[in-house]
Structures are given as structure tokens and as C-alpha cells.
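For reference, the structure discussed in these notes is given below.
Naming convention: chains lettered A, B, ... in sequence-line order (proteins, then strands); numbering from 1 in each chain.
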2 protein chains.
Amino acid sequence: MIDPTSDRPAYQQVADELRRRILSGEAPPGTRLPSESELMREFGISRTTARLTYNVLRAEGLIDTARGKGAFVRDRRSARRVASDRYRREVLQIRKQGEPTPPPETSFTRDQGISWSQYRLDKEFHEVPAPDHVAELLNLEPGTPVLARHFVFYAEDQPQQMSVSYYPLDLVRGTPVADPNNEPWPGGNIAQLATLGITVTRVEESVRARMPLPEEKRTLRIPPGVPVLTITRRMLAGPNKDRPVEVAADIVIPADRVVLDYTIDLD
Amino acid sequence: MIDPTSDRPAYQQVADELRRRILSGEAPPGTRLPSESELMREFGISRTTARLTYNVLRAEGLIDTARGKGAFVRDRRSARRVASDRYRREVLQIRKQGEPTPPPETSFTRDQGISWSQYRLDKEFHEVPAPDHVAELLNLEPGTPVLARHFVFYAEDQPQQMSVSYYPLDLVRGTPVADPNNEPWPGGNIAQLATLGITVTRVEESVRARMPLPEEKRTLRIPPGVPVLTITRRMLAGPNKDRPVEVAADIVIPADRVVLDYTIDLD
DNA sequence: CAGTGGTCTAGACCACGCT
DNA sequence: GCGTGGTCTAGACCACTGT
């Protein structure tokens, strides 16, 4: 089954064959793949080469391996959809109610399709000098003190995303926004700012993807071969949409758990 | 330097130390890291363990390795920004000119900040039965014939993205849109549809991230540890924004080459 | 030519899951 | 207890880059 005359290394040739089975549907998600010993016999390779094969497929996010069990085809369908008009719905909710009343929906819980009580929130609030990219997005001098709020969101005990939100300190000092004990807060960021008399009129999001750092892998329980989507968000206030009131630098979401939907109207 | 009593494997401990140097800025992009032999001496590990260390850092997208040269810290800054209002600018251009005249700007060339002549286009046009997800997005019966247009975009001879665009065949048969020899086409997709009397009024984009397939790695020259962003795009026409005229399933962009910017107005 | 990373082998011990 | 994957060693040959 291996072509020794080929330039392609043996472990890649074996990976090619297993990948073909996975992508063709011949080996659907959940299927158990040959054990390393079986690979050694079937392809006439050493243990090390068999392991190299599975290293490749693991890095591609195609398989899961477990000690004592074996190697299995991973289910790669992504789950919840996060729509860009979640912000608009939040605004409508605020206008309708005049003022949000608990237990309200937030963009996060609504995206999950689960109820408020089904998620947990880890949080730490810090006053820190603004990092450079934050200062730039908030139009502040570098080093200006800002409020940094760290969150990890869970749905049904599964971590879904982590984020750091930055606010100009002058804006929020002494307000409920700066009080960790006020969480969970009704209605999400836009509603929180509305209680301070700030009307958010525009949201800007910058989307990137990269491999997770070890700490992110641990906190979000990200399996091998799964990248993260990062969103750098900025909220602008005022009729001219020019006053930055919040930037959530690095919202980090495991890419196997989300689809980001955006709508662009051309009229 | 290695703690043999730790649960953390030796190759991870070495990776932790090198990662710390990279992320702290102690080893900035371009820095040469210790050779495998040096790692063996400095940390008292075997060649295999040293290689495992660099496998980890490679999969995280932190380093590049080259035979005969060594291991180097990769520059991870992402480059061009792709703004969601590129579609709006394209519409404005069409309205202004009445009809696009070459050499025009497209959303693609404008995003590059390069001129039209600096990129090349590989293309194949096929009439195929609509795949399931395409049929659903176009509101067609599964298997309805559609026009599939395959593109690979280059900027300065570097591949930047590949895509497949699907059009309902009834809409475009016999028109210039279905003629491969008409490429490069002035003004991008929206302008092309405008010449058919179709006014695109809404664009929907769904953004995902995953590791690239081998063919994508080859075509787009993607280094190890770099995911791809995929955009599934749908264009809608008509005053009610309800007639799907195009879906580009799987626009694939190496994540180290792009930032996707979206603006959401709340009024 | 010496040094680099890429591939591959044969073997060892371990932690874990299942029966 | 046996089979699984996870870690680690010692050693070999190769292709490529530099001097």
C-alpha cells in the first residue's frame, strides 16, 4: 500500500489514505481508525512512523486519540451561529422595555438558544494602564488607566468563549459597570452602557483566526488541530458614531463551536 | 532546566520555555532558535524529544523550520484588512459610472492596495448539479444545474485566496458571466450582476475557521500551524432582499494574511 | 565539508480503558 | 491482563545550506 519509490514520506502516504477515508465519508465521525499496531502491520511501518501519521491527522483536526481506547474520526460540524444583528435585537429590546428587567436575554444567551440560568460566568475586574492597541482604538494616550473586565462564558458547563473588555475609566468609575458584584448583568454590554446614558450607535468587529495559546487551550478545553476565532470589537456612541466607549480586545472562541454571520445591506 | 518530577512531559517543558521567549519578545520574529543538537545538550534530552518540542511549536504557528538552516521565530502579524463595506464602495462606483469601465477597482484589488495588473487569476468554469448546501442557500431543488466558477487570487505572485462561486444557471447561461474568456472582468461580482440587470441589495457572509486541507495548503502555500478563514457568501437581489443570485461557498483565505472588518450600524 | 532539519527503525517503560 | 496511545532513548541515512 506504500510506494517506496515516491518522494512523499511513508507517514504522509498513510495519512493520505486515512484522510481519504475520512473525507470521502467512508469513515464517518465516530469511526475507530486502525490502532498503531495495526498500522504497523498493514503498512509495514514502524511504531514511530505510525505515530507520525496520527500526529499529522491530529494537527489537521480530523481525529481524536485517547489512551487505552484508540483513534477516532472527529465530528467537525460547527454548532451555534452568532449573528451580527444580535446587537440590533438588543437595542430593540432596550427601546421596548424602556429599561431592561431581569431575567433578560443577552446576545450571548440568545445565541446559545439556552436560558440565562444555564450559564456561568467567571470574572475578574482590574484597573490597568491601557495596552497600546486598546489605547489606539479608544483614542486615549497610551497608559491611560482603563477598566479591564475578564470573562469566561459557559453553556451547559462547556466553555464557549473568553474575553477581555476595556472601558475608559472616567466613564465607568463608581458606576455599576465597574462593580463585579453586579454580575450577571441584565441585557449585555449595550444595555449596561444605556443605563449610564450612553447610546451605542455603531459596533465594529475585526475577525482573525490563529492557533490557540496553551492557556486558551486549557481554559476553553480546545482539542488539538482546532484554531480560535478572535474578534476585536469596538463600540461607538453618539449621533456621529465617533465616540469609542468600549473595546473588547480578543474575544476568543474555539472555531469548532461557532459560525459568525454578518449581513451587509447595500441601500 | 527540566523538572523530572513534573507531570508535564519533557518536550512540553522545553516548548514552554521556548514559547515564553517568543511571546515575551525576548526572541523576536526572525530570531534563530537552538538547533536540535543544542537542545539535546542544553536540556539533556534525546533527538526525538527535541523534535517533539519543535513539532509542538510548529503546530502552534510560532516557528518556521528549514532543512540545513535551523528553526526561526515566525512573524505572526497579519496583513491586509478586508472591510465589509467594500461591497458598498463597489455599488457606489457602479452608480457613479453608470457602467464600469476598465481598468476598474474590485473589492479584491482595493483590499490589496495593489493595482489590477499585479494579480493573476486561475480559473475554471463548470456546469454542475448544485451541492446540497448550495441548493439550500440558493432556494433550489438539490441537483439543479448551477454554474461553478473556481478562482485563485494572487497578489504579487503570492496566492491570497481561493473560491468557488455558484450561480443559478438559468440566470447566467449565454451571458458574459458564464464566459471564461471574459475574465478578468471589470468591477467584481456585483458589477457583473449589474450588467445582467440584477441589483444586489444585500450580502450575507458566514465566517468559520479550520485547519486547511492538503490541497489548500499546497495551492495557497500555507505554512504549518496556520488555519484558514472560510467565508460562505450569499448575494441577494430585489427590493425585498429575498432573491438569492449568487453564493460563493467556501472562500478560503489563509488566516495569517487577512483581518476581516465588519461594521454594524444600530440605527 | 560540517551542521542543519527530515525520515525511519527497534526497543523500552508508562498510564489508561476495557473485559 | 491485554491492548491502547503517550513518552523517551540511541542510532541510522538522507537532503539541504552554508563556508
Name the nucleic acid region contacted by B/R58, choosing base, sugar-phosphate or nothing; use a 4.0 angstrom heavy-atom cut-off, strictly under. sugar-phosphate
With a 4.0 Å cut-off on N to O distance, would you call A/E60 and B/K217 a salt bridge? no
Whole angstrom value for the distance that separates P of D/dC8 from CG of B/D3: 12 Å
Rounded off to whole Å, could you give me the CG-to-P distance for the A/N55 and D/dG6 pair? 8 Å
Quick one: list whatever passes side-chain contact (heavy atoms from CB on, under 4.5 Å) with A/P131, sequence neighbours left out. A/H133, A/V134, A/Y166
Going 5' to 3' along nucleotides 10-19 of chain C, which nucleotides have protein heavy atoms under 4.0 Å from the base (write B), which only from the sugar-phosphate (write S), and which from neither (write -)? B-B--BBS--
Between B/Y11 and D/dT7, is there a contact of a side-chain N or O with OP1 or OP2 at under 4.0 Å? yes
Would you please name every residue forming a side-chain contact (heavy atoms from CB on, under 4.5 Å) with B/E42, sequence neighbours left out? B/P34, B/E38
Tell me the interatomic distance from B/R8, atom CZ, to D/dG6, atom P, rounded to whole angstroms. 15 Å
Using a cut-off of less than 4.0 Å, is there contact between a side-chain N or O of B/R51 and OP1 or OP2 of C/dG6? yes
Nearest-Å distance, OH (A/Y54) to P (D/dG6)? 11 Å
Using salt bridge (Lys or Arg N to Asp or Glu O under 4.0 Å) as the criterion, list what pairs up with B/R20, not counting sequence neighbours. B/E17, B/E26
Where each residue is assigned the nucleotide of DNA chain C containing its nearest heavy atom, which of B/A71 and A/Q12 is assigned the position nearer the 5′ end? B/A71
Partner residues of B/E36 under the salt bridge (Lys or Arg N to Asp or Glu O under 4.0 Å) criterion, sequence neighbours left out: B/R47, B/R51
For the helix from C/dC1-D/dG18 to C/dC18-D/dG1, figure out the bend between the end axes, five pairs an end, and round to 10 degrees. 10°
How long is the line joining CG of B/D7 and P of D/dG6, in whole Å? 16 Å
Quickly work out the B/L52 CG to D/dG5 P distance and round it to whole Å. 17 Å
Which residues pass the salt bridge (Lys or Arg N to Asp or Glu O under 4.0 Å) test with B/D256, sequence neighbours left out? none
So, is A/T65 near the phosphate of D/dG6, with a side-chain N or O under 4.0 Å from OP1 or OP2? yes
Using side-chain contact (heavy atoms from CB on, under 4.5 Å) as the criterion, list what pairs up with A/T48, not counting sequence neighbours. A/S46
Could you pull out all residues at least two apart from A/R8 that satisfy salt bridge (Lys or Arg N to Asp or Glu O under 4.0 Å)? A/D16
Sorted by number, the residues of residues 28-41 of chain A with heavy-atom contact under 4.0 Å to DNA chain D: A/R32, A/S35, A/E36, A/S37
Can you list the residues that meet the side-chain contact (heavy atoms from CB on, under 4.5 Å) rule with A/L220, with sequence neighbours excluded? A/P159, A/M162, A/I222, A/V252, A/P254
For A/Y262, check ring-ring contact (aromatic ring centres under 6.0 Å, His included) against everything at least two apart and list the hits. B/Y262
Taking B/Q13 for the side chain and B/D3 for the main chain, is one N or O donor matched with an acceptor at less than 3.5 Å? yes
